[in-house]
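All values reported here derive from a predicted model rather than from experimental measurement.
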Amino acid sequence: IPGHTHIEMITPFNNITFLRYHESKVIEDSTTLSKTEAFIRHTGYSGLFSVEFMHGLDGKDYFLEMNFRNDGNSFVVTSAGTNLPYIYYLYCIGGDYKNEIAQSKVEESYLMPEDSYFMSMLEGELTYKEWRENLKKSTCYLTYYEGNTKPFWDLIWLQKRALLSSVVRYVLQKLHIMK
């Protein structure tokens, strides 16, 4: 487990939101971690996965879900310096995955799901200033990647109607024409 994801902002839209990834603090409760490891071994699963916990106000970690797949937030791990899909690929073909792990690092990284986070700002869940500051802080995005911008622009094209309606609603609310 190379790192730990902390959701910086919860939105009612979805759980893929602005998040910070940093060196692994793992789980405070080693019993929880060992039970999770035992469960994965018991299933015989081999591959990428994620385990989600909620850290309670009482200081305990509560299990939420486990995904036996490369999950939606996984690109932030690669952005931070650990390319888990590549490491798993090397493992599967008998390549030098241990060397790749040794060369990996975990630098603090921020992921922004640019479309839904922008919608959250338009819906008033965060201010423009917060949105702009977090945009500058982001080291990677859910769909935008400079090496291949097509998925990002396809998403924008698909969501243009919802985006336009939110912008119009926001402006009308600011002008006190609509509640």
Side-chain angles (χ1 to χ4, degrees), residues 1-11 13-41 43 45-55 61-118 120-121 126 130-156:
I1 301 175
H4 175 89
T5 301
H6 181 264
I7 295 175
E8 298 287 300
M9 185 192 134
I10 306 287
T11 68
F13 182 70
N14 65 31
N15 69 341
I16 300 175
T17 187
F18 187 67
L19 56 90
R20 177 174 59 103
Y21 187 80
H22 52 94
E23 279 197 78
S24 188
K25 161 181 151 179
V26 186
I27 301 165
E28 299 294 330
D29 182 357
S30 62
T31 304
T32 303
L33 184 58
S34 61
K35 286 180 181 178
T36 303
E37 289 174 351
F39 176 77
I40 292 168
R41 290 186 199 288
T43 65
Y45 177 77
S46 175
L48 301 176
F49 65 92
S50 66
V51 183
E52 295 180 19
F53 293 88
M54 182 182 308
H55 191 71
D61 293 314
Y62 294 91
F63 174 80
L64 293 177
E65 71 176 1
M66 183 179 294
N67 296 300
F68 288 115
R69 60 179 168 77
N70 194 20
D71 78 8
N73 295 329
S74 66
F75 186 65
V76 74
V77 181
T78 302
S79 175
T82 303
N83 191 336
L84 291 176
Y86 182 62
I87 291 168
Y88 186 61
Y89 163 77
L90 289 174
Y91 171 79
C92 289
I93 66 164
D96 192 1
Y97 71 94
K98 290 181 181 180
N99 184 50
E100 185 66 26
I101 291 171
Q103 291 179 23
S104 295
K105 58 185 182 235
V106 177
E107 295 177 353
E108 185 173 72
S109 191
Y110 290 87
L111 176 126
M112 177 187 282
E114 57 279 7
D115 62 327
S116 61
Y117 199 66
F118 182 73
S120 295
M121 186 263 301
L126 68 152
E130 290 170 315
W131 176 82
R132 189 182 72 237
E133 286 172 0
N134 289 336
L135 180 67
K136 289 178 184 177
K137 190 188 291 186
S138 296
T139 53
C140 62
Y141 306 92
L142 201 57
T143 55
Y144 182 81
Y145 174 66
E146 200 170 291
N148 180 9
T149 60
K150 187 167 177 17
F152 171 76
W153 291 114
D154 285 349
L155 178 67
I156 295 301

For Ser138 and Asn134, work out which heavy atoms get closest and say how close.
OG-O, 2.8 Å
Determine whether Ser74 and Asp71 make a side-chain contact, defined as any pair of heavy atoms from C-beta on separated by less than 4.5 Å.
yes
Side chain proximity check, Phe68 to Ile40, heavy atoms < 4.5 angstrom
yes
When you compare the side chain of Glu114 with that of Phe152, does any pair of heavy atoms fall below 4.5 Å?
yes
Got Met121 and Phe118 here, is their nearest side-chain heavy-atom distance under 4.5 Å?
yes
Distance (rounded to the nearest 0.5 Å) between Thr149 OG1 and Ile156 CD1:
11.5 Å
Suppose we call two aromatic rings close when their centres sit under 6.0 Å apart. Are Phe53 and Tyr62 close by that rule?
no
Rounded to the nearest 0.5 Å, what's the gap from CD on Glu107 to OH on Tyr21? Could you check?
12.0 Å
Taking the side chain as every heavy atom from C-beta outward, state whether Cys140 and Ser109 have any atom pair closer than 4.5 Å.
yes
For Arg20 and Tyr110, the nearest pair of non-hydrogen atoms, with its separation, is CD-OH, 3.1 Å
Ring geometry between Tyr88 and Tyr91 (parallel below 30°, tilted from 30 to 60°, perpendicular above 60°)
parallel
Measure the spacing between OH of Tyr97 and CG of Asn99 and express it to the nearest 0.5 Å.
12.0 Å
Hey, mind stepping through Ile101 and Ile87 against side chain to side chain contact (heavy atoms under 4.5 Å, CB included) and telling me if it holds?
CA-CA 7 Å; Ile101 291 171; Ile87 291 168; 3.8 Å; yes
With heavy-atom distances below 4.5 Å as the criterion, would you say the side chains of Leu90 and Tyr86 are in contact?
yes
Separation of Gln103 CD from Thr82 OG1 (nearest 0.5 Å):
11.5 Å
Taking all heavy atoms of Pro85 and all of Asn70, pick out the closest pair and write down the distance.
CG-ND2, 3.7 Å
Anything under 30° is parallel, anything over 60° is perpendicular, the rest tilted; go ahead and classify Tyr45 against Phe49.
perpendicular
Nearest atoms (heavy-atom pairs only) where Val76 meets Leu19:
CG1-CD1, 3.9 Å
State the OH-CG distance between Tyr117 and Leu126, to the nearest 0.5 angstrom.
4.5 Å
Reported CD-to-OH distance for the pair Glu146 and Tyr141, which is rounded to 0.5 angstrom:
10.0 Å
Does the pair Arg69 and Leu48 meet the rule for a side chain to side chain contact (heavy atoms under 4.5 Å, CB included), with working shown?
CA-CA 5 Å; Arg69 60 179 168 77; Leu48 301 176; over 6 Å; no
Can you confirm whether Phe75 sits close enough to Leu142 that some side-chain heavy atom of one is under 4.5 Å from a side-chain heavy atom of the other?
no
Taking the side chain as everything from C-beta on, heavy atoms only, tell me whether Phe63 gets closer than 4.5 Å to Val51.
yes
